[in-house]
Each structure stands twice: as structure tokens, then as C-alpha cells.
Amino acid sequence: AKRDGGGVARRFDPVLFAKAEQRRLAEQDLMRGLEAGEFEVHYQPIVDLDQGGITVGVEALVRWRHPEKGLVPPALFLELAEQLGQVPRLGGWVLEEACRQAMDWQNRFPGFEMNVNLSASQLGNPKLIDEVREVLRRTGLPPQDLVLELTESVALTDLVESARVLSALKELGVRIALDDFGTGFSSLSHLSTLPVDVVKIDRSFVQAMPETGGASVAEAVLHIARTFNLSPVAEGVEDAGQAERLKELGAGRAQGYHFARPMPALGVTELLDKQSPV
Ligand code: C2E
Ligand code: CA
Ligand code: CA
Ligand code: CA
């Protein structure tokens with residue numbers, strides 16, 4: 001054991017050391033990946049249940065194309081990126097890439113919608129509004145076809161500030177979606193405070209729907225959406241039964257493995273090729 005000036009005994013802890021070392025390497029790797037531009041945007045179709053399940057838009061989902069690990073999902077790097085302060089930069093890139101791609105699809109499908117996720121650090125970034133305005137200008141995407149998704153926890157961290165930022169975004173003409181809706185407890189009282197257009201019904205409620213009859217949380221959430229005049233999108237639809245039931249309940253739009261998994265842009269283009277223009 002070594003003694004420092006304060007007389008506190010400090011022993012070398014191999015486990016702690018290994019952890020710190022692992023973390024240092026992960027940070028280095030992520031910074032390298034960001035420098036090297038190893039990130040990709042994949043897109044998951046959002047379908048219209050009332051129009052026979054045609055694809056009317058997509059949600060942009062970031063992935064890391066790691067040279068050794070292959071395709072890494074956001075759950076494995078977003079938190080570290082957040083801690084390193086890199087999410088506004090990465091998110092800004094995702095936004096621009098997604099809007100550019102949306103314009104490409106809009107050439108054949110006017111009104112095709114692009115959903116992009118925003119994290120708390122992006123919402124808290126004073127440059128966000130200018131950035132969104134600039135991306136819309138550079139790409140030419142009609143503002144009403146861009147939907148910015150944020151979770152309730154993001155929106156409710158600082159309600160007054162969130163309401164201000166969201167109002168400024170809405171002035172640009174973009175739409176706002178509450179993601180994972182229903183998973184936060186304080187949500188109801190804030191639905192009238194926040195300028196929200198769309199609610200994404202969390203997949204836990206979709207998965208918990210009974211096969212036949214019986215009330216469900218999904219149904220209750222849909223009722224709330226209607227009451228507040230919000231457009232619902234059901235998330236995590238994994239089978240035909242859920243899709244049928246959601247359609248009957250008037251969900252309108254849905255997203256999930258039953259329809260399509262997230263895929264590279266080319267996959268969506270091929271899917272749209274098989275779909276006649278609306
Ligand atoms: P999210 O916004 O709730 O996105 C939906 C997630 O559910 C995606 O996971 C998607 O692949 C997955 N999913 C879609 N359909 C199904 C289904 O039928 N069953 C199941 N079990 N899962 C389904 P993914 O792509 O791994 O993203 C995870 C989370 O990472 C996202 O959750 C979002 O919070 C965050 N994220 C992804 N991309 C971005 C981004 O560009 N910026 C920010 N800030 N966050 C992002
Ligand atoms: Ca549209
Ligand atoms: Ca989302
Ligand atoms: Ca979600």
C-alpha cells in the first residue's frame with residue numbers, strides 16, 4: 001500500500017483499474033468513430049393502418065458501423081456519447097442526413113414524413129432552433145413533414161423551458177411527438193401545457209393488449225390522444241393481431257417489426273418502389 005500526503009492508505013485495486021481502463025478505451029473508441037464518420041442512419045417505416053398499411057413516413061434511428069464489432073445499436077453508445085457531450089453534434093448530423101434523405105423520397109412521395117429523435121441535451125442546446133431552421137433551409141424539406149420526437153422525461157425536466165423551445169420549433173412549422181407516451185407518470189397534466197401534435201404509444205402497452213375483448217391501456221391512451229386532439233402512432237407492433245386491433249381502435253398509424261424493421265435508406269427506397277405514389 002502507498003501512502004499519500006494525507007496519510008490515507010491507497011491500495012492498487014485491479015478490478016477498479018480494469019474498469020477505468022475499459023471506460024477510457026470505450027471513450028477513445030467512440031471519439032475515434034465520431035472522427036472517422038462511422039455512424040449511419042437507419043429508417044423504420046411508419047404505416048397508415050387505414051390505408052392498407054402503406055408506408056407514409058419513417059423514424060430515423062442512429063447506428064454505429066464499428067470496424068470490429070459490426071452494427072452497434074444506440075443503447076450501447078448513446079449514454080457514453082451523452083456523457084462526453086457529443087450528442088448535440090451526432091444528433092445534428094442525424095437530423096441533416098435524415099432531412100436530406102426525406103427529400104429524396106419526397107420526389108416521388110410528396111408529404112412523406114421524417115421522424116427524428118431529440119435528446120435532452122439537444123433540447124437544452126440554445127443553438128437547436130437555428131440548427132433546425134438551417135437544416136430545413138439547406139435540405140428544402142417542408143417543415144410540416146419533419147416530426148421531432150422527445151420523451152416525456154426530456155420534456156418534463158424543465159417544463160417552462162421545454163414549452164418555450166417547443167413553441168419556437170413549432171413556429172418553424174415542424175411538428176412535435178411525445179415518444180414512449182404513457183410511461184411517464186406526470187404526463188397527463190402536461191399534455192395541455194406542451195405544444196405537442198403526435199403521441200407515440202409505447203410498445204409495452206401495445207404488447208399488453210388482450211387478444212380479444214377487454215379494455216387495455218393502449219385503448220385508454222388512444223382515448224386520451226383523441227381528447228387532446230393528438231395524432232397517435234402505435235409503436236412496437238409485432239403481430240397481425242395487434243395491428244388489426246389497433247386499427248379497430250382507430251390508432252391510425254403504427255410502427256413495428258410486424259410491418260418492417262429499421263433498415264438502411266436503400267431498403268426503404270426499394271419498399272417505396274413497390275408502392276404506387278399517393
Ligand atoms: P425509440 O425512439 O423508442 O425507438 C424505437 C426503438 O424500438 C428502436 O430501437 C426500434 O428498433 C425498436 N423497435 C421498433 N419496432 C419494434 C418492435 O416491433 N419490437 C421491439 N421490441 N422493438 C422495436 P433502437 O433503434 O435500438 O433505438 C433505441 C433508442 O435509442 C430509441 O428508442 C431512441 O430513444 C434512441 N435513439 C435512436 N436513434 C437516436 C437518435 O438519432 N438520436 C437520439 N437522441 N436518440 C436516438
Ligand atoms: Ca404528410
Ligand atoms: Ca422515437
Ligand atoms: Ca419510442
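Whatever order the structure lists them in is the order used to number ligands and atoms, beginning at 1. Numbers here simply count residues along the sequence, with the first being 1.
Enumerated by chain and number, the residues approaching ligand 1 to less than 4.0 Å through a heavy atom are Q44, E59, L61, V62, R63, P74, L78, V94, N117, L118, S119, Q122, D179, D180, R203, E235, G236, V237, E238, G256, Y257, P262.
Shown here is Q28, whose CD atom has more than 12 heavy atoms of other residues, nucleotides or ligands within 6.0 Å.
Remark: H66 engages W64 in a ring-ring contact (aromatic ring centres under 6.0 Å, His included) (not counting sequence neighbours).
Excluding water, every protein N/O/S atom under 3.0 Å from the Ca ion (ligand 4) is given here by residue and atom: D179 OD1, D180 OD1, E235 OE1, E235 OE2.
At a threshold of 4.5 Å between non-hydrogen side-chain atoms, the residues Q255 and P45 do not count as touching. Side-chain contact between V135 and L146 is absent, with no heavy atoms from C-beta onward closer than 4.5 Å.
For N117, the nearest N, O or S atom to the Ca ion (ligand 3) falls under 3.0 Å.
L71 and Y43 are assigned to two separate hydrophobic clusters, defined by single-linkage of ILVMFWY side chains at heavy-atom distances under 4.5 Å.
In this structure, K200 NZ and L150 CG are separated by 11.5 Å, a value rounded to the nearest 0.5 Å. Atom CG of L148 sits about 9.0 Å away from atom CG of L166, to the nearest 0.5 Å.
Closest approach between the Ca ion (ligand 3) and any N/O/S atom of E59 involves OE2.
Applying the ring pair (Phe, Tyr, Trp, His ring centres under 6.0 Å) test to every pair with at least one member in residues 193-231, sequence neighbours left out, gives no pairs at all.
Donor-acceptor pairing under 3.5 Å is lacking for the side chains of N115 and Q44.
Here E131 does not pair with R89 in a salt bridge; the nearest charged N to carboxylate O distance is not below 4.0 Å.
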